[in-house]
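Notes for the one structure printed next.
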Amino acid sequence: MAKTGARRITVDGIAYRWRVRHRAHPFTALNWDGRIHVSVELADGTGSVLVVFTGHQHSRDIDTYPPGVDPVLPSDIVEWIRQSLAAGWQPAKRGPQFHLRPRAGHVQPGRAEPGAAADGGGA
């Protein structure tokens with residue numbers, strides 16, 4: 001994960017860094033769902049990356065220009081990290097991306113996007 005734009009956060013004594021993955025611009029509009037996707041990894045950059053496919057609308061969604069946007073807060077990041085750890089994400093272990101699609105407060109690891117590695121949490 002690129003360090004540019006990444007923010008540090010500590011959850012249960014472990015340092016992570018996170019950033020918003022997708023930006024709204026015309027070149028990615030065809031493959032972009034208008035939602036904020038967040039990536040998280042250990043602060044030292046080792047291990048696997050958590051990708052959270054949030055339900056939060058991106059403020060620069062070029063198709064809808066949403067009037068009200070629900071921002072991603074540090075408290076959201078903390079909750080998603082804890083949910084992912086409970087679902088089997090092992091941030092210190094090298095491996096494929098671990099995908100999480102949080103819904104209404106419960107963990108629902110999602111399917112890997114086409115061309116991406118499968119979810120963590122099992123194999």
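Quick note: residue numbers are just sequence positions, from 1.
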Q: State, to 0.1 Å, how close Pro102 and Trp80 come at their nearest heavy-atom pair, and which atoms those are.
A: CG-NE1, 3.3 Å
Q. Do you know which two heavy atoms are closest between Pro91 and Leu85, and how far apart they sit?
A. CD-CD2, 3.6 Å
Q: Would you indicate whether the side-chain heavy atoms of Val38 and Val51 approach each other to under 4.5 Å?
A: no
Q) What distance separates His37 NE2 from Leu100 CG, expressed to the nearest 0.5 Å? A) 12.0 Å
**Q.** Sequence-distant partners of Arg82, side-chain hydrogen bond (donor to acceptor under 3.5 Å, both in side chains), two or more places apart
**A.** Asp12
Q: Please report the shortest heavy-atom distance between Ala6 and Arg19, naming the atom on each side.
A: CA-CB, 3.9 Å
Q.
Can you tell me how the ring of His99 sits relative to the ring of Phe53, calling it parallel under 30°, perpendicular over 60° and tilted otherwise?
A. perpendicular
**Q.** Ile77/Val72 under side-chain contact (heavy atoms from CB on, under 4.5 Å): CA gap, chis, key distance, verdict
**A.** CA-CA 8 Å; Ile77 302 299; Val72 172; 3.7 Å; yes
**Q.** side-chain contact (heavy atoms from CB on, under 4.5 Å) between Thr10 and Tyr16, worked out
**A.** CA-CA 6 Å; Thr10 301; Tyr16 298 90; over 6 Å; no
(Q) Between Val49 and Val40, is the side-chain contact (heavy atoms from CB on, under 4.5 Å) condition met? List the steps. (A) CA-CA 6 Å; Val49 175; Val40 181; over 6 Å; no
**Q.** Trp89 side, atom CH2; Leu50 side, atom CG - distance, nearest 0.5 Å
**A.** 4.5 Å
Q. So, Trp18 versus Ser39: side-chain donor-acceptor pair below 3.5 Å or not?
A. no
(Q) Once rounded to the nearest 0.5 Å, what's the spacing between atom CD1 of Ile81 and atom CD of Glu41? (A) 11.0 Å
Q. What is the distance from atom CD of Gln90 to atom OG of Ser48, rounded to the nearest 0.5 Å?
A. 7.5 Å
Q) Rounded to the nearest 0.5 Å, how far apart are CD of Gln83 and CG of Asp76? A) 10.0 Å
